Engineer: 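Before anything else, here's the structure in question.
The structure displayed is predicted, hence computed values, not measured ones. Values below: every heavy atom of this structure, side chains too, minus hydrogens, waters and symmetry copies. We name chains A, B, ... by the order of the sequence lines, and we start the count at 1 in each one.
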Amino acid sequence: MKMTNKKIRTRFAPSPTGFLHIGGARTALFNWLYTRRHGGTFILRIEDTDQVRSTEESTRAILDAMAWLGLNWDEGPYFQAERVNIHREEVRKLIETGNAYYCTCTPEELDSKRKRALAEGRKPKYDGTCRDRGLAGCSESVVRFRGPEVGTTVVSDLIKGNISFNNEELDDLIIERADGYPTYNFAVVVDDAQMGITHVIRGDDHVNNTPKQIQIYEALGYDVPLFGHVPMILGADKARLSKRHGATSVMAYREMGYLPEALVNYLVRLGWSHGDQEIFTMEELIREFSLEAVGKSPAVFNPEKLLWLNQHYIKSYPEERLIEAFLPFWEQRGFDVSDRRFIAKAISDLRTRAKTLLEMAEAGMFYFQEEVPYDPEAAAKFLTEEYRGHLEAVAERLPGLAEFTKDGLEAFLRALAEERGTKLKWIAQALRVALTGKTVSPGIDEVMVTLGKERVIGRIRRATAQIRAAG
RNA sequence: GGUCCCAUCGUCUAGUGGUUAGGACGCUGGCCUCUCACGCCGGAAACCGGGGUUCAAGCCCCCGUGGGACUACCA
């Protein structure tokens, strides 16, 4: 494989017909990592030649998702639709050199021929009706590429190795539609060539297009870039990942409380590996990423492992960044998050026991609810006469407690338990329900410290009052 | 149907002719413990099948089988 010394140029070229999905994000990530690894230039190009399905909103969404993942681009975004004049000119060139021809077969004719061919067990490829008719263009005509009828075309793939195709299997594909717009297989070639793309890294759903594209490169006199086709991402049923398999939009993961590092880390390991290492920083990825280490087989998307990684990043994130990423989840619930110290403490209580920021936000709602709702089962078990004495004792002694710290409180509660002839766990559980409304929460001493003496006493009083009222 | 790709625990993967086939998620037993987690220590769990090549095959070749992609005036 000839590796020229020229600077690497890659591109990510999504079509703006929806959100950035998991598969696209991984393709973008692989391109980005490869480019950063080799000090190249990463280009973003929006393939919006489908005038009907493309929307500006989708473009916006894709850009936002890229930014969230930290995948910055060096050039672009370029918009393919703005380049139609260039595409048309290249089409003219092919017609002049005899490498393309006008075709007036109607979509209906083509469709019925295709169906018939399929029904009779023949190849459903274009039958070449107009190939040698020497037609001139008209308002109904399309332009087809005149492909070689014999020989083979080989794709040298950086991931899959050499793949060869018999040219007779390849279709004379349409490169310009009747409306004058180029089709995908033509526009990519022209754009990639003119943008000086050296490495085309994309999903392997494109392998079958590649020989045709190579022929177009050659007919146009361009250098053929290197290709790297990455395997698809599959759902649990081994079918190509789609909405049926749950969330596939990158931004949906943000809303569900995932950290971008977790998604990046998960995605990069889907198809790529570096020995036994599972956790990678961006710096490590840039240093270690290589296409040689990308596997050839498709990978099943496993939400459980993503969750594990997310949990890992929630635990290990720098505090300030965690707060920044997390706060919106409380803000959108209308909680007052202006007390930075309180917030920071609450988050440090919660972060070791959440798999997502969303989960964390829900688990920590009690910090803001003065009249915390009691879980019925929890209350039935612990907000009872049996525990009232313990709770009252805590409320009575607390004002005089000098060491209102994690250690001080633990010592206090242990001593109290002994004094009252019970175990810490019973006092802790009753307190937990009084303070948080639930039987599950961060450590009770941590909760007390975070809440502060006043609020703790208030909540205990409210709980004991309720027990009395009920009793 | 045709063309092309792929094939190690349930899943993501390491492995590049000689390994007790390793790691991770998940599952699971235990420890820790104020609940839930975290953490720590253990366990079960894989080379798709059949032929070759070779002293020796998860690794190389062939054939099956299975899965996937493409087969548009979508990208």
Engineer: Quick one: ring pair (Phe, Tyr, Trp, His ring centres under 6.0 Å) partners of A/Y313, sequence neighbours excluded?
Structural biologist: none

Engineer: A/F301 CZ to B/U13 C1': how many Å, rounded?
Structural biologist: 16 Å

Engineer: Report which part of the nucleic acid A/S54 touches: base, sugar-phosphate, or nothing (heavy-atom distance under 4.0 Å, all strands).
Structural biologist: nothing

Engineer: Regarding A/F165, tell me which of base, sugar-phosphate or nothing describes its non-hydrogen contacts under 4.0 Å with the strands shown.
Structural biologist: sugar-phosphate

Engineer: For the residue pair A/K113 and A/T129, confirm or rule out a side-chain donor-acceptor distance under 3.5 Å.
Structural biologist: yes

Engineer: Could you pull out all donor-acceptor pairs under 3.5 Å where a side-chain atom in residues 294-306 of chain A meets a protein atom, sequence neighbours excluded?
Structural biologist:
| residue | atom | partner | partner atom | Å |
| --- | --- | --- | --- | --- |
| A/N302 | OD1 | A/E304 | N | 3.1 |
| A/K305 | NZ | A/E278 | OE1 | 3.1 |

Engineer: Going by salt bridge (charged side-chain N to carboxylate O under 4.0 Å, His left out), name the residues that satisfy it together with A/R88, two or more places apart in sequence or in a different chain.
Structural biologist: none

Engineer: For the P atoms, the ones on B/G49 and on B/U8, what distance do you get once it is rounded to whole angstrom?
Structural biologist: 11 Å

Engineer: Please measure how far the P atom in B/G17 lies from the corresponding atom in B/G23, and state the result in whole Å.
Structural biologist: 22 Å

Engineer: Who pairs with A/R11 by salt bridge (charged side-chain N to carboxylate O under 4.0 Å, His left out), at least two apart in sequence or on another chain?
Structural biologist: A/D192

Engineer: For A/A178, answer base if it contacts any base atom (sugar-phosphate contacts may also be present), sugar-phosphate if it contacts only those atoms, and nothing otherwise; contact means non-hydrogen atoms under 4.0 Å.
Structural biologist: base

Engineer: Consider the side chain of A/N302, meaning its heavy atoms from C-beta on, and name the nucleotide among B/G23, B/U3, B/U11 that approaches it most closely.
Structural biologist: B/U11

Engineer: Report which part of the nucleic acid A/N209 touches: base, sugar-phosphate, or nothing (heavy-atom distance under 4.0 Å, all strands).
Structural biologist: base

Engineer: Classify every nucleotide of nucleotides 30-39 of chain B by which part a protein heavy atom approaches to under 4.0 Å, writing B for the base, S for the sugar-phosphate alone and - for neither, in 5'-to-3' order.
Structural biologist: ----BBBBSS

Engineer: NA contact type, A/C105, heavy-atom cut-off 4.0 Å: base, sugar-phosphate, or nothing?
Structural biologist: base

Engineer: Can you tell me whether the base of B/C40 sits syn or anti, using the 90° cut around 0 to define syn?
Structural biologist: anti

Engineer: For B/C59 and B/C9, measure between their P atoms and round to the nearest Å.
Structural biologist: 14 Å

Engineer: Taking only the C1' atom of each, what is the distance from B/U20 to B/A46 in whole angstrom?
Structural biologist: 15 Å

Engineer: How many Å lie between NZ on A/K296 and P on B/C5, as a whole number?
Structural biologist: 10 Å

Engineer: Side chain of A/K305 only, heavy atoms from C-beta on: which candidate in B/C73, B/C12, B/A75 is closest?
Structural biologist: B/C12

Engineer: For the side chain of A/Q277 and the base of B/G23, is some donor closer than 3.5 Å to an acceptor across the two?
Structural biologist: no

Engineer: Considering every strand and a 4.0 Å limit on heavy-atom distances, what is the contact class for A/E304: base, sugar-phosphate, or nothing?
Structural biologist: sugar-phosphate

Engineer: Considering every strand shown, what is the Watson-Crick or G-U wobble mate of B/A69 when both distances are under 3.5 Å?
Structural biologist: B/U3

Engineer: Please give, in whole Å, the distance from B/C4 C1' to A/K123 NZ?
Structural biologist: 13 Å

Engineer: If I take atom CZ in residue A/F280 and atom P in nucleotide B/A24, what distance separates them, rounded to the nearest angstrom?
Structural biologist: 14 Å

Engineer: Between atom CG in A/D157 and atom P in B/C4, what is the gap in whole Å?
Structural biologist: 15 Å

Engineer: When you compare B/U16 with B/A21, how far apart are their P atoms, in angstrom units rounded to a whole number?
Structural biologist: 14 Å

Engineer: Can you list everything that forms a side chain to side chain contact (heavy atoms under 4.5 Å, CB included) with A/R420? Sequence neighbours excluded, please.
Structural biologist: A/H390, A/A393, A/L416, A/T422

Engineer: Side chain of A/K160, heavy atoms from C-beta onward: which of B/C5, B/U11, B/A75 has the nearest atom to it?
Structural biologist: B/C5

Engineer: Excluding sequence neighbours, so at least two apart, what forms side chain to side chain donor-acceptor pair (under 3.5 Å) with A/Y217?
Structural biologist: none

Engineer: Between A/F30 and A/F289, is the gap from one ring center to the other below 6.0 Å?
Structural biologist: yes

Engineer: When the C1' atoms of B/G26 and B/G43 are considered, how many whole Å apart are they?
Structural biologist: 14 Å

Engineer: Mind checking if A/V300 touches a base, just sugar-phosphate, or nothing, with heavy atoms under 4.0 Å?
Structural biologist: sugar-phosphate

Engineer: Would you call A/E176-A/R92 a salt bridge at under 4.0 Å N-O?
Structural biologist: yes

Engineer: Generate the contact string for nucleotides 62-69 of chain B. Rules: B means base contact, S means sugar-phosphate contact only, - means no protein heavy atom under 4.0 Å.
Structural biologist: ------SB

Engineer: Using a 4.0 Å heavy-atom cut-off across all strands, classify A/G203 as base, sugar-phosphate, or nothing.
Structural biologist: nothing

Engineer: Could I get the full list of side chain to side chain contact (heavy atoms under 4.5 Å, CB included) partners for A/E218, not counting sequence neighbours?
Structural biologist: A/I214, A/V224

Engineer: Given B/C73, B/C12, B/A75, which nucleotide is nearest the side-chain atoms of A/I174?
Structural biologist: B/C73

Engineer: Would you call A/E419 and A/R397 a salt bridge, using N to O less than 4.0 angstrom?
Structural biologist: yes

Engineer: Using atom C1' of each nucleotide, how far apart are B/C62 and B/A57 to the nearest Å?
Structural biologist: 15 Å

Engineer: Ignoring backbone atoms, establish whether A/R114 has a side-chain N or O less than 4.0 Å from OP1 or OP2 of B/C73.
Structural biologist: yes

Engineer: Under a 3.5 Å cut-off for both contacts, is B/C32 paired Watson-Crick or G-U wobble with anything, and if yes, with which nucleotide?
Structural biologist: none

Engineer: For the pair made of NZ in A/K212 and P in B/A75, what is the distance, rounded to whole Å?
Structural biologist: 13 Å

Engineer: Mind checking the C1' distance from B/C6 to B/C47? Whole angstroms is fine.
Structural biologist: 16 Å

Engineer: Give the rounded distance in Å between these two atoms: CD of A/E168 and P of B/U71.
Structural biologist: 20 Å

Engineer: Is there a Watson-Crick or G-U wobble partner for B/C47 with both distances under 3.5 Å, and if so, which one is it?
Structural biologist: none

Engineer: Considering only NZ, NE, NH1 and NH2 on the basic side and carboxylate oxygens on the acidic side, decide whether A/K93 and A/E90 come within less than 4.0 Å.
Structural biologist: yes

Engineer: Report the residue (A/K125 or A/A293) whose heavy-atom-nearest nucleotide on RNA chain B is the more 5′ of the two.
Structural biologist: A/A293

Engineer: Quick one, which residues of residues 181-191 of chain A touch RNA chain B with a heavy atom under 4.0 Å?
Structural biologist: A/T183, A/Y184, A/N185

Engineer: Which residues pass the ring pair (Phe, Tyr, Trp, His ring centres under 6.0 Å) test with A/F12, not counting sequence neighbours?
Structural biologist: none

Engineer: By nearest nucleotide on RNA chain B, pick out whichever of A/S297 and A/C103 is the more 5' one.
Structural biologist: A/S297

Engineer: Check the distance between B/A75's C1' and A/Y78's OH and give it to me in whole angstrom.
Structural biologist: 21 Å

Engineer: Under 6.0 Å between ring centres: does that hold for A/H206 and A/Y184?
Structural biologist: yes

Engineer: Partners of A/E149 by side chain to side chain contact (heavy atoms under 4.5 Å, CB included), sequence neighbours excluded?
Structural biologist: A/R131

